[in-house]
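In what follows, a single structure is set out as structure tokens and then discussed.
Please read all numbers here as calculations on a predicted model, not as lab measurements.
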Amino acid sequence: MKTVTIGKNDAGQRLDKFLTKTFPKLPQSLLYKYIRTKRVKLNGKRCQISTRLSEGDLLSLFIKDEFFEEAPAQFDFLKAPKEISVLYEDDQILLVDKKPGLIVHPDEHYHFDSLIARIQHYLYDKGEYNPKEEHSFAPALVNRIDRNTGGIVIAAKTAEALRILNLKMKERELEKYYLCIVHGKLLKKADTLTGYLEKNESQNRVYISTRPTPNTRTIKTKYQVLEERGSFSLLEIQLLTGRTHQIRAHMASIGHPLVGDGKYGTNAQNKATGYKRQALYSYKLIFRFTTDGGILQYLDGKEFTVPTVWFVDDFHSWKA
């Protein structure tokens, strides 16, 4: 038998969802059978699959030990550097200025170093995160940024903060602004572009069209020209939708690819600048709640801006 006490970050979950995340070795078919046959009890009583857990609840599991994972001697995230650029932090959230070149989540090529691994390492060293004390929660990212793009990434330090921020992101109550340099001068100095994006997984790129098809998703990109230097323009862009490679592909589709972007622009265009990655940075975030923010209501109206963007000084040095 194994007993599990429900902590703050586990509360509010359905019983079956909690068990699935906490004991991944336990097959779904057996999980439901064990709940049905009372081999899983909540506070000593029979429970239902859909029962919502509360902090302090005691789960008793009359299940074979083979389904319980042993805690690793060392956690993978401790192999990642713990250095991060903290823009803002409180008990619920962490805003990090991610530098270009760092991936946000591990992949098959970079298993041990990623932004989320660094954040977890950072919080572990601060004593704010210990996997041995958590059953189903780990600090998680709310938004993502491409590897070669820099800027603000939001991390939730508690399960409740993650739930709220995921909802706010879905309801577009977080305003995200980017700076970028594009090739050419735009005829309209401010505009809201609408397009239709189709993702090609095998090519790791997207395609933009002017008309919808069954495979496309609507995108909206609002831009404003801040300055012009020679044949280049510095733009502020607000993402009204957040799709893969949206800014890069959308600007390229109207004839103004980002400087340094070899995927949606051309290497020949970029050769003169010497940039090896796209000049794109998520530099400003505004919390603009239109619904109740719960424990995060204090963030409503707050604005955060990164102190420096690597390509802006370069741009100002170019010939007008």
Side-chain angles (χ1 to χ4, degrees), residues 97-110 113-115 144-153 176-189 191 193-210 215-217 219 221-239 241-283 306 308-320:
D97 180 7
K98 185 192 87 69
K99 303 307 179 184
L102 179 66
I103 57 173
V104 293
H105 287 113
D107 63 19
E108 64 275 16
H109 303 296
Y110 293 85
D113 190 14
S114 63
L115 180 63
R144 300 183 181 190
I145 293 180
D146 292 343
R147 175 180 177 179
N148 287 323
T149 300
I152 302 174
V153 177
K176 293 175 288 183
Y177 295 84
Y178 290 71
L179 292 179
C180 67
I181 305 174
V182 300
H183 290 278
K185 295 183 177 181
L186 289 86
L187 292 177
K188 292 185 177 180
K189 303 311 175 187
D191 199 6
L193 308 174
T194 299
Y196 303 92
L197 178 149
E198 182 173 355
K199 190 173 182 179
N200 187 308
E201 295 282 0
S202 63
Q203 296 179 4
N204 188 30
R205 67 173 295 151
V206 301
Y207 294 89
I208 309 297
S209 56
T210 56
N215 297 321
T216 59
R217 303 182 76 177
I219 58 172
T221 308
K222 184 177 181 179
Y223 75 83
Q224 180 178 350
V225 177
L226 301 180
E227 292 183 59
E228 296 173 339
R229 295 273 175 170
S231 58
F232 302 100
S233 300
L234 177 66
L235 311 184
E236 179 187 72
I237 290 184
Q238 182 183 3
L239 274 183
T241 56
R243 310 295 185 200
T244 301
H245 298 176
Q246 177 176 325
I247 294 174
R248 298 164 62 189
H250 214 172
M251 296 311 300
S253 74
I254 63 168
H256 298 281
L258 271 62
V259 170
D261 192 348
K263 184 182 288 287
Y264 296 101
T266 65
N267 290 328
Q269 279 182 308
N270 294 321
K271 189 174 181 180
T273 66
Y275 283 10
K276 303 297 184 183
R277 57 171 59 101
Q278 60 266 14
L280 177 65
Y281 217 89
S282 177
Y283 88 110
V306 298
T308 58
V309 175
W310 65 271
F311 52 79
V312 170
D313 285 345
D314 278 359
F315 180 82
H316 289 150
S317 69
W318 296 348
K319 292 182 179 180

Of R205, R248, H245, the one forming a side-chain hydrogen bond (donor to acceptor under 3.5 Å, both in side chains) with Y264 is H245

> For N148, does its backbone N or O pair with a side-chain atom of D146 as donor and acceptor, under 3.5 Å?
Replying inline: no

Taking the side chain as C-beta and beyond, is there a heavy-atom pair between T194 and I219 under 4.5 Å? no

Given the options V309, L179, I181, F315 meets side chain to side chain contact (heavy atoms under 4.5 Å, CB included) only with I181

In terms of heavy-atom contacts, F311 and A279 come closest through CE2-C, 3.4 Å

Exercise for review: Apply the test side-chain contact (heavy atoms from CB on, under 4.5 Å) to residues V206 and N200: give CA-CA distance (whole Å), side-chain angles for both, the deciding distance (0.1 Å), then the verdict.
Suggested key: CA-CA 6 Å; V206 301; N200 187 308; over 6 Å; no

* Asked: Is the count of non-hydrogen atoms from other residues, nucleotides or ligands lying under 6.0 Å from R144 atom CZ greater than 12?
  -> no

The reported gap from SG in C180 to CD1 in I237 (rounded to nearest 0.5 angstrom) is 3.5 Å

Could you go through the side-chain contact (heavy atoms from CB on, under 4.5 Å) check for V104 and K98 one step at a time? CA-CA 8 Å; V104 293; K98 185 192 87 69; 3.6 Å; yes

Is R243 paired with E198 through a side-chain N to carboxylate O contact shorter than 4.0 Å? no

Inset, instruction - List the steps and the verdict of side-chain contact (heavy atoms from CB on, under 4.5 Å) for T216 and S209. - result: CA-CA 8 Å; T216 59; S209 56; 4.1 Å; yes

Count the heavy atoms belonging to other residues, nucleotides or ligands that lie under 6.0 Å from NZ of K222, then report whether that count exceeds 12.
no

Rounded to the nearest 0.5 angstrom, the CG-OH distance for L193 and Y223 is 6.0 Å

Looking only at heavy atoms, the pair that brings G101 and R277 closest together is CA-NH2, 4.0 Å

message: Could you check whether Y275 and W310 have their ring centres less than 6.0 Å apart?
response: yes

- Task: Indicate whether the side chain of N215 and that of Y196 have a donor and an acceptor atom separated by less than 3.5 Å.
- Result: no

All heavy atoms of G262 vs all of N267, minimum pair found to be CA-OD1, 3.9 Å

So CG of L234 and CG of L226: to nearest 0.5 Å the spacing works out to 5.0 Å

For L186 and K189 the tightest heavy-atom approach is O-NZ, 2.6 Å

To the nearest 0.5 Å, atom CG of L258 lies from atom CG of L235 at 8.0 Å

* To do: Show the numbers, then the answer: is there a side-chain hydrogen bond (donor to acceptor under 3.5 Å, both in side chains) between S114 and H105?
  => CA-CA 5 Å; S114 63; H105 287 113; over 6 Å; no

Shortest non-hydrogen pair, P257 vs G265, comes out as CB-CA, 3.8 Å

Rounded to the nearest 0.5 angstrom, the OG-CE distance for S233 and M251 is 8.5 Å

Note to self: Is the shortest side-chain heavy-atom distance between L280 and Y178 below 4.5 Å?
What the structure shows: yes

- State, with a plain yes or no, whether a side-chain heavy atom of H183 is found less than 4.5 Å away from one of N270. yes

| Pairwise side-chain contact, F232 with V182, heavy-atom cut-off 4.5 Å (strictly under) | no

On a heavy-atom basis, the closest approach of L239 and Q246 is CD2-NE2, 3.3 Å

In this structure, CD1 of I103 is separated from CG of D113 (nearest 0.5 Å) by 7.0 Å

| field | Residue pair I152, V306: steps toward the side-chain contact (heavy atoms from CB on, under 4.5 Å) verdict | value | CA-CA 7 Å; I152 302 174; V306 298; 3.6 Å; yes

- Is any side-chain heavy atom of D97 less than 4.5 Å from a side-chain heavy atom of Y283? no

So for atom NZ, which belongs to K263, do other residues, nucleotides or ligands contribute more than 12 heavy atoms lying within a distance under 6.0 Å?
yes

